[in-house]
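So the structure is just underneath, and the comments pick up after that.
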Amino acid sequence: MSETLPLCDARTDLKPIETLFLHQLPEPSHELVESSRCELQRKHAGVHISLAQASGPDSWWLVWAPGNAQLTARGQNMDRRLHKMDDCPATQDGDPDGGDECLLPARHAGAHSFEMESSGPRVPSAAARKKMLHALRESLDEDERTELEEMESLLASEGDPLPLITQSEALVVTTLLGQVAHDDWLMEDLVLRIVERMDTRLQSLAH
Ligand SMILES: [Zn+2]
Ligand SMILES: [Zn+2]
């Protein structure tokens, strides 16, 4: 692994009008990030940029000027705007089939994204998660799928409550399960259903 280059430190918060605009985009790929960090290389030239939302095939970037500088768009001066931009075509090692793709827009300043430290994962939107979950299920081998379906049918059936664990153990279990759910999307749905049920029971105990 070659050394990764550092990212720009600039940050900005979404404005209410930008949030409104981004929320109405169809097929959002991830949850909105309230405080965005510039995704370009440290000490890059020109404006800062951060991916605000990917909507279907379109990538909407938040573009903001350093300091108090102004951007000019359609003859208007502004210090920031949301801009739909094409993807950078570069791939790692110049291999179009393998290697990581650059996640920045075309003609961006500085290094490609795969040469830099990660700007951090974004939380996929509910719709995107469903799509990925579906793709993951398709990729399972027969044994794995049978196991998953068995667990799903177990969850669907009524069972007798057992005096099995204490209230505080149940709290720890639900917390741990919740954390696991973030790492394994395939199990996420199952885990969230169990956690929700245990949460409901715990709350009814507390009353
Ligand atoms: Zn920047
Ligand atoms: Zn690039």
Side-chain angles (χ1 to χ4, degrees), residues 1-136 139 182-183 185:
M1 219 28 229
S2 56
E3 213 169 303
T4 53
L5 301 165
L7 283 178
C8 176
D9 285 327
R11 285 189 167 275
T12 187
D13 291 346
L14 282 181
K15 297 189 170 170
I17 185 89
E18 292 162 346
T19 305
L20 264 181
F21 172 82
L22 292 167
H23 269 311
Q24 55 80 44
L25 289 173
E27 295 179 65
S29 77
H30 58 81
E31 307 288 349
L32 295 186
V33 181
E34 286 304 318
S35 173
S36 319
R37 179 178 177 181
C38 176
E39 297 180 43
L40 293 176
Q41 188 181 357
R42 189 167 297 169
K43 297 187 174 142
H44 64 83
V47 293
H48 301 296
I49 59 168
S50 175
L51 181 67
Q53 186 56 282
S55 163
D58 298 332
S59 297
W60 286 89
W61 290 81
L62 181 63
V63 179
W64 72 104
N68 295 316
Q70 297 280 303
L71 304 170
T72 307
R74 299 200 181 102
Q76 274 190 311
N77 279 336
M78 52 185 81
D79 59 0
R80 54 196 280 146
R81 67 173 176 144
L82 284 161
H83 194 36
K84 191 164 77 179
M85 293 198 267
D86 294 335
D87 299 333
C88 174
T91 52
Q92 202 161 21
D93 307 322
D95 178 357
D97 297 321
D100 286 339
E101 295 171 350
C102 178
L103 303 175
L104 294 170
R107 296 176 297 280
H108 61 82
H112 297 299
S113 66
F114 49 75
E115 299 166 315
M116 296 186 285
E117 59 178 310
S118 166
S119 56
R122 286 184 167 74
V123 180
S125 66
R129 287 156 99 95
K130 236 184 198 162
K131 247 189 213 169
M132 285 185 271
L133 189 64
H134 185 74
L136 276 172
S139 69
H182 283 299
D183 299 335
W185 292 344

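Just so you know, ligand 1 is whichever comes first in the structure, and atom 1 is the first atom listed for that ligand.
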Does any N or O in the side chain of Gln41 come within less than 3.5 Å of the main-chain N or O of Ala109, such that one atom is a donor and the other an acceptor? no
Check the Zn ion (ligand 2) and write out every protein N, O or S atom at under 2.8 Å, as residue and atom. Cys88 SG, Cys102 SG, His108 NE2, His112 ND1
Output every pair passing ring-ring contact (aromatic ring centres under 6.0 Å, His included) with a member in residues 42-66, not counting sequence neighbours, ordered by first then second residue. Phe21-Trp60, His44-His48, His48-Trp64
Residues two or more places apart in sequence or in another chain: which of them pass side-chain hydrogen bond (donor to acceptor under 3.5 Å, both in side chains) with Ser59? Asp87
For Arg37 and Ser50, indicate whether the former's side chain and the latter's backbone hold a donor-acceptor pair under 3.5 Å. no
For a distance under 2.8 Å, give residue and atom name for each protein N, O or S atom next to the Zn ion (ligand 1). Cys8 SG, Cys38 SG, His44 NE2, His48 ND1
Under 3.5 Å, is there a donor-acceptor pair between the side chain of Thr4 and the main chain of Glu115? no
Say you draw a straight line from CG of Leu51 to CE of Met85; how long is it, rounded to the nearest 0.5 Å? 9.0 Å
Quick one, Arg122 with Glu34, criterion salt bridge (Lys or Arg N to Asp or Glu O under 4.0 Å). Give me CA distance, side-chain angles, the key distance, then yes/no. CA-CA 11 Å; Arg122 286 184 167 74; Glu34 286 304 318; over 6 Å; no
Salt bridge (Lys or Arg N to Asp or Glu O under 4.0 Å) evaluation trace for Glu18 with Arg80: CA-CA 10 Å; Glu18 292 162 346; Arg80 54 196 280 146; 2.7 Å; yes
Verify the neighbour count for atom CG of Asp86: are there more than 12 heavy atoms of other residues, nucleotides or ligands below 6.0 Å? no
